[in-house]
**Student:** 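After the structure tokens below, expect a handful of questions from me.
Numbered from 1 within each chain, the chains take letters A, B, ... in sequence-line order.
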Amino acid sequence: MRAAPLQSRDMSEIETNDQVRDQARYNPAEIEPKWQARWDADPELYTAEGHEAGRPKFYCLEMLPYPSGQLHMGHVRNYAIGDALARFMWMRGYNVLHPMGWDAFGLPAENAALKNNTPPREWTLKNIDAMKKQMRRMGLSYDWSREVTTCLPDYYRWNQWFFVKMFEKGLAYRKKSKVNWCPDCQTVLANEQVINGRCWRHEETIVELRDLTQWFLRITKYADELLDGLEKLEGWPEKVRTMQRNWIGRSEGALVNFAVDASVQNANADPSTPLRYAQDDTCNVITVFTTRVDTIYGATSIQLAPEHAVAKAFAAEDPALALQIEALLEEQRKAREADDLGGIEKHGVNTGRFAINPFTQERLPIWVGNYILADYGTGAIMSVPAHDERDFEFAQKYGLPVRRVIAAKEGEQPELPFTAEDDAVLINSREWDGLSCVEAQQKIAAFAQKQGFGEATVTYRLKDWGVSRQRYWGTPIPMVYCLNGHDSPEPGKPCVEPGGVVALPESALPVLLPEQVEITQEGGSPLGRIPEFLNTTCPVCGGPARRETDTMDTFVDSSWYFYRYTDAKDDAAPFASEKANYWFPIDQYIGGVEHAILHLIYSRFWTKVMRDLGLIHNDEPAERLFTQGMVIKDGAKMSKSKGNVVSPDDMITRYGADATRMYALFAAPPDRDLEWQEEGVAGISRFLGRVYRFATKYVDVAREGREPHIVGRTETDQKLLRKLHQTIAKITQDFSGRWHFNTSIAAIMSLINEIVAAEAAIDAGQVSPAAVAEVMRTLVLLLTPFAPFFAAEMWEQIGGEGVVFRTPWPVADEELAREDEIEVPVQVNGKLVNVVTLAAGSDEAAIKAMALADEKVKARVEGKNVVKVIVVAGKLVNLVVK
RNA sequence: GCCCGGAUGGUGAAAUCGGCAGACACAGCGGACUUAAAAUCCGCAGACCUUAACCGGUCGUGGGGGUUCAAGUCCCCCUCCGGGCACCA
């Protein structure tokens, strides 16, 4: 399918066909650059005003892209949606903030540096330039005066500022732990960046676990607030809220201490030892986490994760056991890599040791199980086979006793394991017998706490956010390690303990990323290889110090960028509170669902931290969130590897930006996946051509008709205006409701079909110029959010005043839109028989009479009894006959 | 296994509150214009049966049941596709 030939009218005069010569061709290749040049020359065009504007504000935001250098169709779709909304809101009289920026730190710049020997900064800025050109070419209404580029010091210095603030509040801390390591990225990843055991950027790459000391942000401190806040986010898709709920994974339960049996080992075991976690290395007490402490009388063994400290301690004294535990560990590791942790068969080893149930004083065998996760709860459980499916499976396999402690409902004999807890009642639990499970959970936990060997607790799946990255192209973490050793346990050696870590004062910020750096394949904190960067002085004692060489996760950048838009040039603060408080929360955030638990949970956390720092008032960043569907080609997501990528530039060259954008909105509702079909873009281009041809033909009529003369309306006038106002109403409604722009555009097409059908009537003088003028003027306004170049050109041609997208959105006149006749389908026994036409507003009796008088209906009813007549006003009539 | 989506003509889809299923397009077919083609304009178009043709009829929104005067839409069961979570104690 080729585009319409981009020839001018002059050329077509060579043709002999008069009709072709009369009709001006729609030529986006001429129109779009012309308007783009005018708009680019007017930096004020899309500038959001301050709060003094006196109009209601509207913050419309699309997720900022990574500057890869190329827009893809997903971007086009995302921005076409956002731009339509922003333009609509402008026309509705809102003070609109519609900014754009660049998520400009990250690994691809380093990879490109290796490949092309181009410094990351240069490569990135060049890409930004190229993509900005593409965006301008698309005609997007961004306020470029607020552009944010996260890799520039005027932005990332505030990342550092926030980091120091968080450090001071105890929200940023260093700890050694098992972390996810991507061998491809050569760096650590946060939990959220590991998808099914693989790197979020490398689908094929299995993430390894390494023990490293890393910086963490205490997102878990806000776990409950992040969870509870989801309830109030009614403008967010339920899907995203559910994903975040799952991710936070709040679970109420209890910790209980089981003393390791002193008669076998550890004579000092003391059941009242303070509660401890698996990571601790003393081993005379095992703390288990359970959500079913009510079943504690049914516990028949203790199960430890293979990595549990107590298991390790036992292994240290027993080489055979050590080998077996090592094997279990290896199994877990393999299963994790195969992404089938749930699939491995449960088994374990008996350590030969015992732990004492503090409620019964019973000795329970201690096992190490391959199904126990070290990183959830305490890494140790009490096994209650009667009331837990996994424990049951395990107990069956090893012949461990199964002891029932929950009664079934009366009359029921459910099989074990019996896991229900609703109105079930305890048995075989001594003084707790007869209590409901829920009651028992509370009372038993309270009792354990009173006795000092347990407590009620809450655990989360959510872990603190690991933000250290062993990479160059990111925000330097603004911390130093004092070599003088003040606060350090061993003077003269680098401080690695919390006491020796020093945050840089605000005056020392930003810590600039050095430009002259050798990027190597190995990664691994290249900053450590630059002495000028590494060596510094301690801001506390003035002695020699070493800088932190890790950089921050790039998700830090995107966690608060949208606040910076409100005050992008501020060099005294990340932003002025007053400005952020005017614009926030974001009224509409639009982006892909792939960020549901990455960016979207981090930025909610960051907002809460900023609120607690007193910078802002809002609890949540965005009032409403919209997640658009993917762009598909030949049934698969567009990707280089599948070779099904359609280039936006190519589309724009062939069909124009307007047609490309409009197709992205027309081909499917925005929340669904969209199959890209080039024929469809050609169709939209044809549609615009139809409008163009019609409009240019009646330009003079439209101009003349602008003079208001009071004349009676002809019948065709009425008809056209009715359709026009119905269309206004339809589109206005689509914008405020479901955003089904596909139907909005269909409505405009339908309107054009009717207008073109009336062409003969117009030529015959049966349509008044005023009506033609109103129709044309309004039609152009309706097209503005979807095809801004086209609308601007048409607006100019028909003599519209001012800038088309600052012209008020048309208001539907209900009176004009009302049909004077209605068509009422008549059914007999639910089957359509005929459609009768009658005056709008006819009462039920009139509709019924009309229906019964219809010949076809009569024929159907002949000789039968009309049992019932259902008249639905304005909808239909159904006769029930026998 | 659990939790969300989704399944409608040859294709993308529409039907927003239970009321004419298939709007609007794409592809296709027929016609007009043209020496011809492109472009453009007009028209046809769910499937099947019946008919020379008109007329007419039956079926039809993944499958099966139900509620209702009336179901793509509500209820129950099932299949398939996409996404999320998953030995989370």
**Student:** Expressed as a whole number of Å, how far does the C1' atom of B:rA7 sit from that of B:rA14?
**Tutor:**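 These two C1' atoms come out 16 Å apart once rounded.
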**Student:** Ignoring hydrogens and geometry beyond distance, is the side chain of A:K730 in donor-acceptor contact with the base of B:rU16 at under 3.5 Å?
**Tutor:**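 Per atom types, the contact qualifies.
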**Student:** With respect to the side chain of A:Q677, which nucleotide from B:rC85, B:rU11, B:rC20 is positioned closest?
**Tutor:**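 Selected nucleotide: B:rU11.
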**Student:** Where does B:rG9 land, syn or anti, given syn is within 90° of 0?
**Tutor:**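 Syn, angle within 90° of zero.
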**Student:** Given A:D388 and A:T419, is the side-chain hydrogen bond (donor to acceptor under 3.5 Å, both in side chains) satisfied, shown in steps?
**Tutor:** CA-CA 6 Å; A:D388 182 282; A:T419 56; over 6 Å; no
**Student:** Scan A:F666 against the nucleic acid and name what it touches under 4.0 Å (heavy atoms): base, sugar-phosphate only, or nothing.
**Tutor:**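 If one applies the 4.0 Å heavy-atom cut-off, A:F666 turns out to touch a base.
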**Student:** Between A:V256 and A:M382, is any pair of side-chain heavy atoms under 4.5 Å apart?
**Tutor:**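 In short, these two side chains do not touch, never coming nearer than 4.5 Å.
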**Student:** So if I take every side-chain heavy atom of A:P669 and compare against B:rA15, B:rC24, B:rA14, which nucleotide ends up nearest?
**Tutor:**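 Among the listed nucleotides, the one closest to the side chain of A:P669 is B:rA14.
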**Student:** Suppose you measure atom P in B:rC55 against the same atom in B:rC44; what distance do you get, rounded to whole Å?
**Tutor:**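 Pairwise P distance, B:rC55 against B:rC44, rounds to 13 Å.
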**Student:** Considering only side-chain heavy atoms of A:E823, which listed nucleotide, B:rA23, B:rC87, B:rC20, is closest?
**Tutor:**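 Of the candidates, B:rC20 comes closest.
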**Student:** Taking only side-chain N and O atoms of A:R690, does any of them lie within less than 4.0 angstrom of OP1 or OP2 on B:rA39?
**Tutor:**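 No, no such contact exists.
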**Student:** Between A:Y460 (OH) and B:rC85 (P), how many Å, whole number?
**Tutor:**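 Distance check: A:Y460 OH to B:rC85 P gives 20 Å.
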**Student:** Using atom C1' of each nucleotide, how far apart are B:rG83 and B:rA70 to the nearest Å?
**Tutor:**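 So the two C1' atoms sit 36 Å from each other.
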**Student:** Nearest nucleotide by nearest heavy atom, which residue falls closer to the 5' end of RNA chain B, A:D734 or A:L674?
**Tutor:**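 Checking each residue's closest nucleotide, the 5'-ward one belongs to A:L674.
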**Student:** From the set B:rA7, B:rA15, B:rC20, return the single nucleotide nearest to any side-chain atom of A:T743.
**Tutor:**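 The closest nucleotide is B:rA15.
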**Student:** On a plain distance test, is the side chain of A:N246 in donor-acceptor contact with the base of B:rC85 below 3.5 Å?
**Tutor:**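 Under the 3.5 Å cut-off, the side chain and the base do not form any donor-acceptor pair.
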**Student:** Could you please name the option among B:rG19, B:rA89, B:rU58 that lies closest to any side-chain atom of A:K831?
**Tutor:**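 Closest of the options to the side chain of A:K831: B:rU58.
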**Student:** Picking from B:rA89, B:rC20, B:rA14, which would you name as closest to the side chain of A:V835?
**Tutor:**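 Looking only at side-chain atoms, A:V835 lies closest to B:rC20.
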**Student:** Are A:N742 and B:rA14 close enough that a side-chain N or O sits under 4.0 Å from OP1 or OP2?
**Tutor:**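 The answer is yes; a side-chain N or O of A:N742 sits under 4.0 Å from OP1 or OP2.
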**Student:** Counting the atoms with a prime plus P, OP1 and OP2 as sugar-phosphate, which does A:G249 contact under 4.0 Å by heavy atoms, base, sugar-phosphate, or nothing?
**Tutor:**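 Here A:G249 touches no strand at all.
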**Student:** A:L783 versus A:I748: any side-chain heavy-atom pair under 4.5 Å?
**Tutor:**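 SC-SC contact between A:L783 and A:I748 confirmed.
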**Student:** Taking only the side-chain heavy atoms of A:T291 (C-beta and beyond), determine which of B:rA15, B:rG83, B:rA89 contains the nearest atom.
**Tutor:**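 Among the listed nucleotides, the one closest to the side chain of A:T291 is B:rA89.
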**Student:** Could you tell me whether A:E675 contacts a base, only the sugar-phosphate backbone, or nothing, with contacts defined as non-hydrogen atoms closer than 4.0 Å?
**Tutor:**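 No contact.
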**Student:** So does A:R693 get a side-chain nitrogen or oxygen closer than 4.0 Å to the phosphate oxygens (OP1/OP2) of B:rC41?
**Tutor:**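 Checking A:R693 against B:rC41: at least one side-chain N or O falls below 4.0 Å of OP1 or OP2.
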**Student:** Considering only the P atoms, how many Å lie between B:rA25 and B:rC41, rounded to the nearest integer?
**Tutor:**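 B:rA25 and B:rC41 have their P atoms separated by 11 Å.
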**Student:** Please classify the glycosidic conformation of B:rC80 as syn (within 90° of 0) or anti (everything else).
**Tutor:**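 Nucleotide B:rC80 adopts anti.
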**Student:** Using a cut-off of strictly less than 4.0 Å, decide whether A:R245 has a side-chain nitrogen or oxygen near OP1 or OP2 of B:rC3.
**Tutor:**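 Looking at the OP1 and OP2 atoms of B:rC3, neither is under 4.0 Å from any side-chain N or O of A:R245.
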**Student:** Considering Watson-Crick and G-U wobble pairs with both distances under 3.5 Å, what does B:rG5 pair with?
**Tutor:**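 Looking at the geometry, B:rG5 pairs with B:rC81.
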**Student:** Work out how far the C1' atom of B:rG18 is from that of B:rU11, and round it to whole angstrom.
**Tutor:**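 B:rG18 and B:rU11 have their C1' atoms separated by 29 Å.
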**Student:** Using a heavy-atom cut-off of 4.0 Å across all strands, would you classify A:V880 as base, sugar-phosphate, or nothing?
**Tutor:**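 Sugar-phosphate contact only - A:V880 comes under 4.0 Å of backbone atoms but never of a base.
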**Student:** Please determine if a side-chain N or O atom of A:R686 lies less than 4.0 Å away from the OP1 or OP2 oxygen of B:rC24.
**Tutor:**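 For B:rC24, OP1/OP2 do not have a side-chain N/O of A:R686 under 4.0 Å.
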**Student:** Determine the interplanar angle of the A:Y371 and A:F394 rings, folded into 0 to 90°, and report it as parallel if under 30°, tilted if 30 to 60°, perpendicular if over 60°.
**Tutor:**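 Taking A:F394 first and then A:Y371, their aromatic rings sit tilted (interplane angle of 30° to 60°).
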**Student:** What interatomic distance, in whole Å, is found between C1' of B:rG46 and the corresponding atom of B:rG10?
**Tutor:**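 Those two atoms are separated by 11 Å.
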**Student:** Any idea which of B:rC87, B:rA25, B:rA89 is nearest the A:N753 side chain?
**Tutor:**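 Selected nucleotide: B:rA25.
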**Student:** Decide if the gap between the ring center of A:W367 and the ring center of A:Y398 is smaller than 6.0 angstrom.
**Tutor:**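 They qualify: ring centres under 6.0 Å apart.
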**Student:** Tell me what A:D671 touches on the nucleic acid: a base, only sugar-phosphate, or nothing, going by heavy atoms under 4.0 Å.
**Tutor:**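 Contact class for A:D671: none.
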**Student:** Assign A:I372 to base, sugar-phosphate, or nothing according to its heavy-atom contacts below 4.0 angstrom with the strands shown.
**Tutor:**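 Touches a base.
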**Student:** Out of B:rG19, B:rC20, B:rA7, which nucleotide sits closest to the side chain of A:I870?
**Tutor:**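 Of B:rG19, B:rC20, B:rA7, B:rG19 is nearest to the side chain of A:I870.
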**Student:** Judged by each residue's nearest nucleotide on RNA chain B, which is more toward the 5′ side, A:L879 or A:I597?
**Tutor:**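 That would be A:L879.
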**Student:** Using the benzene-type ring in the case of Trp, are the ring centres of A:Y26 and A:F694 under 6.0 Å apart?
**Tutor:**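 Not close enough - the centres of the two rings lie 6.0 Å or further apart.
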**Student:** Counting only side-chain N and O atoms of A:T242, is one of them less than 4.0 Å from OP1 or OP2 of B:rG84?
**Tutor:**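 So the side chain of A:T242 is outside the cut-off, no N or O lying under 4.0 Å from OP1 or OP2 of B:rG84.
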**Student:** Could you tell me how far B:rA39 sits from B:rC26 if I compare only their P atoms? Round to whole Å.
**Tutor:**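 Here B:rC26 and B:rA39 have their P atoms 12 Å from each other.
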**Student:** Find the distance A:R292:CZ to B:rA89:C1' and express it as a whole number of Å.
**Tutor:**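 In whole Å, B:rA89 C1' and A:R292 CZ are 11 Å from each other.
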**Student:** What contact category does A:Q733 fall into here, base, sugar-phosphate, or nothing, at under 4.0 angstrom with non-hydrogen atoms?
**Tutor:**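 Result for A:Q733 = base.
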**Student:** Does the distance from a Lys or Arg side-chain N to an Asp or Glu carboxylate O, for A:E819 and A:R722, drop under 4.0 Å?
**Tutor:**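 Salt bridge present between A:E819 and A:R722.
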**Student:** CG of A:N829 versus P of B:rG19: gap in Å, rounded?
**Tutor:**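 To the nearest whole Å, that distance equals 19 Å.
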**Student:** When the distance from CG of A:L832 to P of B:rG60 is rounded to whole Å, what number comes out?
**Tutor:**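 Whole-Å distance recorded here is 16 Å.
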**Student:** Classify the ring geometry of A:W739 against A:F741: parallel below 30°, tilted from 30° to 60°, perpendicular beyond 60°.
**Tutor:**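 Parallel.
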**Student:** Considering only B:rA13, B:rC20, B:rA70, which nucleotide approaches the side chain of A:N878 most closely?
**Tutor:**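 Closest nucleotide among those given: B:rA70.
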**Student:** Determine the interatomic distance between P on B:rG82 and the same-named atom on B:rU8; round to the nearest Å.
**Tutor:**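 About 15 Å, rounded to a whole number of Å.
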**Student:** Looking at B:rC41, which nucleotide sits across from it as a Watson-Crick or G-U wobble partner, both distances under 3.5 angstrom, or is there none?
**Tutor:**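 With both distances under 3.5 Å, B:rC41 matches B:rG31.
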**Student:** So, do A:Y655 and A:Y663 have ring centers that fall under 6.0 Å from each other?
**Tutor:**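 No, the ring centres sit 6.0 Å or more apart.
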